[in-house]
Amino acid sequence: MRILVCGDVMGRSGRESIKSHVPRLRRELGLDFVVANGENAAGGFGITDKLCRELYAASVDVITTGNHVWDQRELIGTINGDPRILRPLNLPAGTPGVGARVFSLGDGRRVLVLNPMARLFMDAIDCPFAAVESELAAHPLGDVQAIVIDFHGEATSEKMAMGHFADGRASMVVGTHSHVPTADAQILPNGTAYQTDCGMCGDYDSVIGMQKAVAVQRFIKKMPGERLQAADGEATLCAVVVETDDATGLARRIEPLRMGGRLTQAVPRLMATAN
Ligand SMILES: [Fe+2]
Ligand SMILES: [Fe+2]
């Protein structure tokens with residue numbers, strides 16, 4: 001199975017990068033399943049029902065989120081009506097939506113997607129490791145053909161720990177939230193594809209996707225200034241492509257992808273061998 005996971009989609013330019021690249025990548029790479037982190041799709045702050053539909057129309061199958069999930073408050077009322085968007089898994093019991101779900105590909109194969117959120121330098125929430133453990137126990141590889149974990153977190157250490165915690169039990173663990181892609185794509189010793197952070201789908205002439213002038217002043221003056229706004233230059237689509245073995249659910253290859261915008265481009269070698 002070929003799975004694309006796109007990092008945090010940042011504002012309009014991030015959404016444009018999804019629309020202009022993902023439908024074509026889906027064909028050219030023979031992708032079976034596409035996940036995108038949508039927590040910053042609405043000008044950097046949350047996501048709306050309408051923007052979810054925009055991403056689905058661009059061939060995204062499932063939207064994951066993170067700490068910005070409720071920035072657009074309308075989602076609190078609509079999330080239970082949309083089975084294709086996940087909120088962080090380890091939020092308190094009773095929170096609307098779910099953080100894990102099994103999705104059917106339509107050809108009999110099934111994929112479990114988990115969206116745990118980390119705790120270091122972030123809000124104090126329930127343990128992400130315990131939450132992942134119970135989902136993996138409920139839907140182990142074998143019952144499902146692939147397991148995708150989007151671990152939304154700040155600290156590289158906590159994300160690497162999640163990679164090893166799930167190694168051999170998930171198809172892939174990919175981090176989101178930092179908005180900067182890391183250069184550590186690998187298959188862990190027991191067969192789980194891993195990258196500490198996917199990076200964002202956004203304009204990199206910015207401070208993690210926000211217009212740079214205001215963002216820089218905030219650091220210099222240590223006072224609240226003008227409202228941060230999403231940078232609107234051409235985005236780099238930052239993603240990883242993972243190929244899994246349907247028999248075991250483990251990864252055969254992982255390739256980082258960076259397309260468009262300012263970042264050094266990374267085109268998966270898979271593209272040479274796509275169906
Ligand atoms: Fe984000
Ligand atoms: Fe985040």
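Throughout, residue positions are numbered sequentially from 1 according to the sequence presented. Start at 1 and go down the list; that is how both ligands and their atoms are numbered.
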Atoms of the protein (N/O/S only) found under 2.8 Å from the Fe ion (ligand 2): E39 OE2, N67 OD1, H152 NE2, H177 ND1

Test: R169 cationic atom under 6.0 Å from F165 six-membered ring centre, within 45° of axis: yes

Shortest non-hydrogen separation from F33 to D61 and the atoms involved: CA-OD2, 3.3 Å

Close side-chain approach of D184 to Y194, heavy-atom, < 4.5 Å: yes

With sequence neighbours excluded, residues passing salt bridge (charged side-chain N to carboxylate O under 4.0 Å, His left out) with D126: none

N/O donor-acceptor pair under 3.5 Å between R2 side chain and V242 backbone: no

Identified side-chain hydrogen bond (donor to acceptor under 3.5 Å, both in side chains) counterpart of H177 within the set D197, N67, N40: N67

